[in-house]
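A short write-up of the structure that comes next.
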Amino acid sequence: MWLFATENMSSDPARVRFAPSPTGYLHLGGARTALYNFLFARQTGGQMLLRIEDTDRKRFQSAAQEQLIDSLRWLGIRWDEGPDVGGEFYPYIQSERADLHREYAYELVKSENAYLCFCDTNQLQTQQTTHGGYDGHCRHLAPSNARKRAESGEQHVVRFRTPKQGSVTVHDFLRGEITVGNAQLEDFILLKSDGFPVYHLAAMVDDHTMGITHVIRGEEWLPSLPKHAMLMRAFGWTEPIWCHLSVLKKPGGKGKMSKRDSQPLDKTSGHSIFIDDLRKFGYLPEAIINWMALMGWSLDDHQEDFTIADLQQTFSLKKLNPSPATVDFSKLDYFQGKHMRLLPAGEVAAGIKPYLQHTGLDPDDATLLRIVPLIQERLITFDDAPKWAGFFFSANVSPDPADLIAKKLNQSESLDVLQHVYRSLAALPSLKHESVEQALRSLSERLGIKLGQLLSPVRVAVSGQRVSPPLFNTLEILGKQVTLQRIKNAIKLLKEQ
RNA sequence: GCCCCCAUCGUCUAGGGGACCAGGACGUGGCCCUUUCAAGGCCAAGACCGGAGUUCGAAUCUCCGUGGGGGCACCA
């Protein structure tokens with residue numbers, strides 16, 4: 001047991017949260033953050049919360065929340081509290097908690113840690129150009145006066161009063177002390193003029209009231225960490241443990257991966273940064289999890305195969321890597337192939353069926369199950385199935401006559417091979433792979449050519465392609481009638497050349 | 001422009017002062033196996049960003065530089 005002792009084992013159960021904004025589909029960066037939060041919660045025997053950060057009504061997308069939940073679930077990430085499963089701290093949709101946020105904002109106004117600001121957009125714009133930001137115009141208004149203006153209906157926001165002197169120091173679990181001069185921080189907005197809280201306020205109020213112990217989130221939040229810490233401190237709350245994950249860089253390593261990069265990545269390459277796309281392309285959640293877990297985290301210098309259950313055992317915040325990682329899809333394919341080979345045959349059959357159907361074929365389950373052993377280790381994604389197994393189900397194949405000519409054989413020699421193969425297969429009562437193998441091996445000896453040379457035209461004849469699953473089994477599944485018919489057709493094609 | 005973070009093979013990483021002329025994995029090249037393609041096995045090439053310190057000793061600690069990244073909204 002001591003072997004596995006980590007800082008997590010000895011600490012109390014953690015309460016963590018994944019708090020996406022419903023502005024788009026779940027992508028790798030978000031999924032990885034969710035994963036790490038989930039793993040950490042499980043590792044410590046704590047809870048994971050899902051909270052929807054939708055205080056920006058302008059960017060709200062109604063479908064996004066369901067999409068998000070769907071992708072997360074598909075990956076196998078679970079949460080103990082959330083908008084869909086409820087929980088003690090309901091609601092978990094931030095916009096529904098706005099009253100609470102407002103209350104806390106005004107508590108800060110009362111304690112003079114915040115104040116009302118009446119500047120309009122125009123004023124702010126000029127301040128931006130002349131002063132490089134908000135100039136503190138309303139910072140020193142008399143509170144009573146400000147209250148009167150607000151009560152008379154004048155539009156206003158609530159701003160946090162950041163100290164002008166000194167600096168803030170915040171501790172990040174992975175990066176240590178981070179100190180920023182207060183001069184860098186302007187009096188940021190807490191409550192918008194529509195009465196909705198800004199993220200900084202809402203998230204801190206929710207984190208505190210929901211009992212969050214560790215904030216594990218992306219590095220893009222690091223610059224606002226001082227604000228968050230200041231808020232927590234102004235309320236007199238104890239800060240959670242802050243842990244900022246590195247960003248994921250897009251393939252090629254130039255720049256942070258972002259939602260806008262989806263276009264050049266998908267379709268053509270069969271890759272995408274969106275979980276939902278990956279799913280459509282026929283990837284396995286197990287593979288994606290294994291791959292994502294290793295982008296920014298590692299257990300040691302040799303183990304790299306992990307199931308999500310393994311990760312729940314071994315994950316630790318301490319082994320997180322603070323430097324950015326570049327997304328590498330070739331490694332995803334590697335893990336995908338591995339997990340594909342681990343799948344029970346029935347699941348492979350069920351997985352590839354829709355992809356075959358999508359190409360207009362009508363595969364039956366029994367045949368599918370016989371084919372799976374032949375193609376399973378050759379598949380990367382389910383989407384690869386049509387190219388490996390499509391010819392089993394199509395009515396006929398149309399080989400390129402040039403492909404029917406084996407390497408180092410000319411046309412008439414290849415024709416000769418096909419005709420011999422036809423005769424010896426026709427002589428068999430049925431095409432059991434053992435008897436096919438025996439027949440063709442002895443035929444190749446008789447003809448004095450290599451087995452590979454003999455098989456090549458046959459392979460093309462029956463599958464229509466140069467590369468196929470192992471041939472003897474293929475012929476058995478295809479059956480005598482179809483096999484002979486396709487060879488006959490190939491012979492005809494070659495003769496016409 | 002200002003602020004912050006990061007820095008080991010092409011990529012993901014191990015490494016927390018001597019165990020490192022730096023280990024593993026993906027990818028790449030070669031060989032083996034072989035019925036094409038895979039899978040598998042073996043081998044190879046391939047990195048501590050630079051410069052000053054600290055130290056008997058630095059990939060590991062400090063500083064400066066450089067490079068990369070992130071952030072500067074009544075977005076999250």
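Note that the coordinates shown come from a computational prediction; the quantities given were computed from them, not determined experimentally. In what follows, chains carry the letters A, B, and so on, assigned in the order in which the sequence lines appear, proteins first and then strands, with residues in each chain numbered from 1.
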Interatomic distance at [atom1], [N] relative to [M], whole Å:
| N | M | atom1 | answer |
| --- | --- | --- | --- |
| B/C43 | B/A25 | P | 10 Å |
| B/A22 | B/C9 | P | 14 Å |
| B/G23 | B/A47 | C1' | 12 Å |

With sugar-phosphate meaning primed atoms plus P, OP1 and OP2, does [X] contact a base, only sugar-phosphate, or nothing at under 4.0 Å between heavy atoms?
| X | result |
| --- | --- |
| A/Val157 | base |
| A/Ser468 | base |
| A/Asp172 | nothing |
| A/Pro226 | nothing |
| A/Tyr199 | base |
| A/Leu455 | base |
| A/Leu222 | sugar-phosphate |
| A/Pro470 | base |
| A/Ser246 | nothing |
| A/Phe188 | nothing |
| A/Gly296 | sugar-phosphate |
| A/Trp291 | nothing |
| A/Ser193 | base |
| A/Arg441 | sugar-phosphate |

Q. Can you find an N or O donor on one side and an acceptor on the other, under 3.5 Å apart, linking the side chain of A/Arg175 with the base of B/C5?
A. no
(Q) Tell me whether the side-chain N or O atoms of A/Ser330 pair up with the base of B/C26 as donor and acceptor below 3.5 Å, since no angle test is needed here. (A) no
Q: Determine the interplanar angle of the A/Trp242 and A/His244 rings, folded into 0 to 90°, and report it as parallel if under 30°, tilted if 30 to 60°, perpendicular if over 60°.
A: parallel
Q: Measure up the A/Trp221 and A/His228 rings against each other and bin them: parallel (under 30°), tilted (30 to 60°), perpendicular (over 60°).
A: tilted
Q) Is it true that a side-chain atom of A/Gln94 and a backbone atom of A/Ile52 form a donor plus acceptor pair closer than 3.5 Å? A) no
Please state how far atom [atom1] in [X] lies from atom [atom2] in [N], giving the value in whole angstrom units.
| X | N | atom1 | atom2 | answer |
| --- | --- | --- | --- | --- |
| A/Leu26 | B/A76 | CG | P | 19 Å |
| A/Glu177 | B/C4 | CD | C1' | 15 Å |
| A/Tyr115 | B/C74 | OH | C1' | 13 Å |
| A/Leu471 | B/U34 | CG | P | 18 Å |
| A/Ile289 | B/C12 | CD1 | P | 20 Å |
| A/His302 | B/G15 | NE2 | P | 12 Å |
| A/Glu220 | B/G70 | CD | P | 10 Å |
| A/Ile178 | B/G70 | CD1 | P | 17 Å |

Which nucleotide, in any strand shown, forms a Watson-Crick or G-U wobble pair with [N], with both distances under 3.5 Å?
| N | answer |
| --- | --- |
| B/G50 | B/C64 |
| B/A59 | none |
| B/U34 | none |
| B/U11 | B/A25 |

Q: Pick out which of A/Phe306, A/Tyr36, A/Trp291 makes a ring-ring contact (aromatic ring centres under 6.0 Å, His included) with A/Trp297.
A: A/Phe306
Q. Within 45° of the ring axis of A/Phe188 and under 6.0 Å from its six-membered ring centre, is that where the NZ or CZ of A/Arg159 lies?
A. no
Q. For A/Phe118, is the NZ or CZ atom of A/Arg149 found under 6.0 angstrom from the centre of its six-membered ring and inside 45 degrees of the ring axis?
A. yes
Are any of [X]'s side-chain N or O atoms less than 4.0 Å away from OP1 or OP2 of [N]?
| X | N | answer |
| --- | --- | --- |
| A/Lys192 | B/A76 | yes |
| A/Lys250 | B/G68 | no |
| A/Ser323 | B/C5 | no |
| A/Ser298 | B/A14 | yes |

In terms of side-chain heavy atoms of [X], which of [options] is nearest?
| X | options | result |
| --- | --- | --- |
| A/Thr326 | B/C12, B/G70, B/A14 | B/C12 |
| A/Asn321 | B/A25, B/C74, B/A14 | B/A14 |
| A/Arg459 | B/C75, B/G15, B/U36 | B/U36 |
| A/His200 | B/A76, B/G69, B/C74 | B/A76 |
| A/Tyr334 | B/A25, B/G69, B/C4 | B/A25 |

Q.
If you assign A/Gln184 and A/Arg378 each to the RNA chain B nucleotide with the nearest heavy atom, which residue ends up on the more 5' nucleotide?
A. A/Gln184
(Q) Please compare A/Asn473 and A/Leu174 by the position of their nearest nucleotide in RNA chain B and report the one closer to 5'. (A) A/Leu174
Q) Any chance CD of A/Glu96 has more than 12 other-residue heavy atoms, nucleotides or ligands included, within less than 6.0 Å? A) yes
Q. Is there any salt bridge (charged side-chain N to carboxylate O under 4.0 Å, His left out) pair reaching into residues 288-298 of chain A, and which pairs are they, with sequence neighbours excluded?
A. none
Q.
Checking A/Tyr283 against A/His271 for the side-chain hydrogen bond (donor to acceptor under 3.5 Å, both in side chains) test, could you report, in this order, the C-alpha distance in whole Å, the side-chain angles of both residues, the deciding distance, and whether it holds?
A. CA-CA 10 Å; A/Tyr283 282 92; A/His271 292 137; 3.0 Å; yes
